[in-house]
Amino acid sequence: MGYRRNILVGAALALALGSSPANADPAGVAAAVEADYDGHLEDLFLHFHANPELSFLETNTAKRMAAELRAAGLEVTEGVGGTGVVGMLRNGPGPLILLRADMDGLPLPEKSGLPYASKVTQTGQDGQEYSVMHACGHDVHITSMVGSARRLAAMKDQWSGTLMFVVQPAEERVGGAVAMLKDGLYERFGKPDYALAFHVAAEVPTGKLVGPELLVGSSADSVNITVPGIGAHGAAPDTGRDPVYIGAQIVVALQSIDSREINPLQPVVVTVGSFHSGTKHNIISDRADLQLTVRANEEKVRAQTIAAIERIAVNIGRAHGLPEDKLPKVEVVEGTPVTNNDPALARRLNAVMQRTFGDDVLFPDEQTSMGAEDFAFFVAEDLDVPGYYFSVGGTPQAAFDAEKNGGPPVPSHHSPLFKIAPRESVTLGTQAMIAAVLDLAPSN
């Protein structure tokens, strides 16, 4: 799904407490990660970027990740929740820490101009052929996961516990985390004491990290509205019920939810992204199909919004004289709840990042869109698994400076022009994940 920046203003972070492991050597870790990038991770990133796969169809990516994790010395299980992979690295007593990376690409043609740009096409689950690219940085995430696994396997004298590396499918469909959990992820491999993940951020300069103390991502629900009609000749509209006209009134009325039903201090988005009906100029169809994305920052607001969508759609159908057995139908086909970090864990690990990379590493910003993340399912409130989801800067500052001076805009996530700086993103993400593990699972 779309990347959503929500970055903690860092003034309070300097007050956060925490102890650095005595045997941790950030400079040594950085040198080792840089060397591994030159010797192995760069080629791996280029492979992943040039060979993306669609959600739930990441067969080759999963096989390569399984092979890489096995080569690093992990116990690997494939086929978890479909194409998901789990790698376990056991190292004595201590906490169980989940490290997650998503691996799916997006159905759009790459126009980045990069020499290693994807030229891949793939048949989706719907039977249609799509161009595919890594337009959200998941290639960075899985490459960095391999780097983290290789380094942490070589640093067993510096931490103690068990690491669960989760290679997750279908984040873009917000379905992969649920699929892995339904396949018994926590029952089979253990419920984590902590869960960690990161996202590369094109909107953040390289060398910077983002660590929200609470809100990480909005909820996101994909909602279908089926509007039945009564077909008729276009020259005799009075003999039927026009689903295009009814659907158009639904589209307009949905905008009243945000403006008139939800507290104006609580963000919500209702976007109709697709409206299809009919086959010819002079035929009134008997059906219209609308597809919506619905976003909120609070679960209560999420539920209120979806209920309002159903009420509006159904009653506009009634207002137009549709019979009770032909009223509009509203269905939530996929969704993810609001993603929140555990505040205490975020404060602790933000302090770790500052000690490791410098006081100015945390990039202050604010929520600028309502992108979502299915990492929320791994840290759902009823599971009692504290989570820390952070972001890693992916665009050199020079690109932002050029944009400010009239140059080309920095491409956004989910754009065919999307690109990030792979070395800076992979190496910092890897080092940050290692720093978090060393703090949470110190050696005995």
Side-chain angles (χ1 to χ4, degrees), residues 16-26 29 33 69 72-77 80 84-102 141 144-168 177 180-181 184-198 209 211-214 216 339-356 375-390 429-444:
L17 299 177
S19 59
S20 180
N23 54 355
D25 176 16
V29 171
V33 170
L69 295 179
L74 279 65
E75 305 166 17
V76 174
T77 303
V80 181
V85 177
V86 177
M88 303 297 292
L89 184 57
R90 307 179 195 279
N91 188 32
L96 172 60
I97 303 174
L98 181 153
L99 295 82
R100 174 270 210 169
D102 39 12
H141 306 167
S144 177
M145 172 174 278
V146 172
S148 298
R150 286 162 63 92
R151 290 313 315 149
L152 287 164
M155 298 170 62
K156 285 189 173 182
D157 61 325
Q158 298 187 43
W159 61 276
S160 182
T162 300
L163 306 181
M164 179 197 304
F165 290 83
V166 173
V167 188
Q168 184 208 303
M180 296 189 80
L181 288 165
L185 178 68
Y186 288 177
E187 292 78 11
R188 294 163 64 181
F189 302 98
K191 191 179 83 168
D193 296 292
Y194 307 102
L196 309 175
F198 82 84
L209 299 174
E213 278 197 17
L214 187 60
V216 171
T339 304
N340 287 319
N341 274 346
D342 179 83
L345 181 61
R347 286 191 292 270
R348 173 180 175 177
L349 292 182
N350 282 333
V352 169
M353 300 307 164
Q354 288 183 305
R355 286 198 303 271
T356 303
F375 181 72
F377 290 106
F378 294 123
V379 295
E381 189 174 346
D382 61 339
L383 293 175
D384 194 28
V385 176
Y388 178 67
Y389 186 102
F390 62 100
T430 303
Q431 293 171 52
M433 197 64 82
I434 292 170
V437 169
L438 294 182
D439 184 81
L440 295 175
S443 58
N444 295 322

For a quick test of reading the model, state the closest non-hydrogen atom pair linking [X] to [Y] and the distance between them.
X	Y	result
Ala72	Ala153	O-CB, 3.4 Å
Ala149	Leu69	CB-CD2, 3.8 Å
Ala435	Thr356	CB-OG1, 3.9 Å
Met180	Gln168	SD-CA, 3.9 Å
Ser160	Gly92	OG-C, 3.9 Å
Met353	Ala432	CE-O, 3.2 Å

Stepwise side chain to side chain contact (heavy atoms under 4.5 Å, CB included) check, Met164 with Leu99: CA-CA 6 Å; Met164 179 197 304; Leu99 295 82; over 6 Å; no
Are [X] and [Y] side-chain neighbours, meaning at least one heavy-atom pair lies under 4.5 Å?
X	Y	answer
Met155	Val29	yes
Asp439	Arg348	yes
Phe189	Val80	yes
Val379	Asn341	no

Working for side chain to side chain contact (heavy atoms under 4.5 Å, CB included), residues Leu98 and Val385: CA-CA 10 Å; Leu98 181 153; Val385 176; over 6 Å; no
Residue pairs involving residues 429-438 (criterion side-chain hydrogen bond (donor to acceptor under 3.5 Å, both in side chains); sequence neighbours excluded):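 Listed once each, the pairs are Ser144-Thr430.
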Worked verdict on Arg100 versus Val167 for side chain to side chain contact (heavy atoms under 4.5 Å, CB included): CA-CA 6 Å; Arg100 174 270 210 169; Val167 188; over 6 Å; no
With sequence neighbours excluded, residues passing salt bridge (Lys or Arg N to Asp or Glu O under 4.0 Å) with Arg151: none
Under the 3.5 angstrom rule, does the side chain of [X] hit a backbone N or O of [Y] as a donor-acceptor pair?
X	Y	value
Trp159	Leu152	yes
Lys156	Asn91	no
Thr162	Arg90	no
Asp193	Pro95	no

Could you measure the distance from the [atom1] atom of [X] to the [atom2] atom of [Y]? Nearest 0.5 Å is fine.
X	Y	atom1	atom2	result
Leu89	Ser148	CG	OG	11.0 Å
Thr339	Leu214	OG1	CG	11.0 Å
Gln354	Leu209	CD	CG	10.0 Å
Leu196	Met433	CG	CE	5.5 Å
Glu213	Tyr388	CD	OH	10.0 Å
Thr77	Met88	OG1	CE	8.5 Å

Salt bridge (Lys or Arg N to Asp or Glu O under 4.0 Å) partners of residues 377-389, not counting sequence neighbours, each pair once: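 Sorted result for residues 377-389: empty, none.
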Counterpart residues, ring-ring contact (aromatic ring centres under 6.0 Å, His included), relative to Phe378 (two or more places apart): none
Partners meeting ring-ring contact (aromatic ring centres under 6.0 Å, His included) with Phe375 (sequence neighbours left out): Tyr389
Side chain to side chain contact (heavy atoms under 4.5 Å, CB included) assessment of Glu75 paired with Val86: CA-CA 8 Å; Glu75 305 166 17; Val86 177; over 6 Å; no
Any side-chain donor near an acceptor of the partner, Asp342 and Tyr194, under 3.5 Å: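 Short answer, no.
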Residues forming a side-chain hydrogen bond (donor to acceptor under 3.5 Å, both in side chains) with Asp102, sequence neighbours excluded: His138, His141
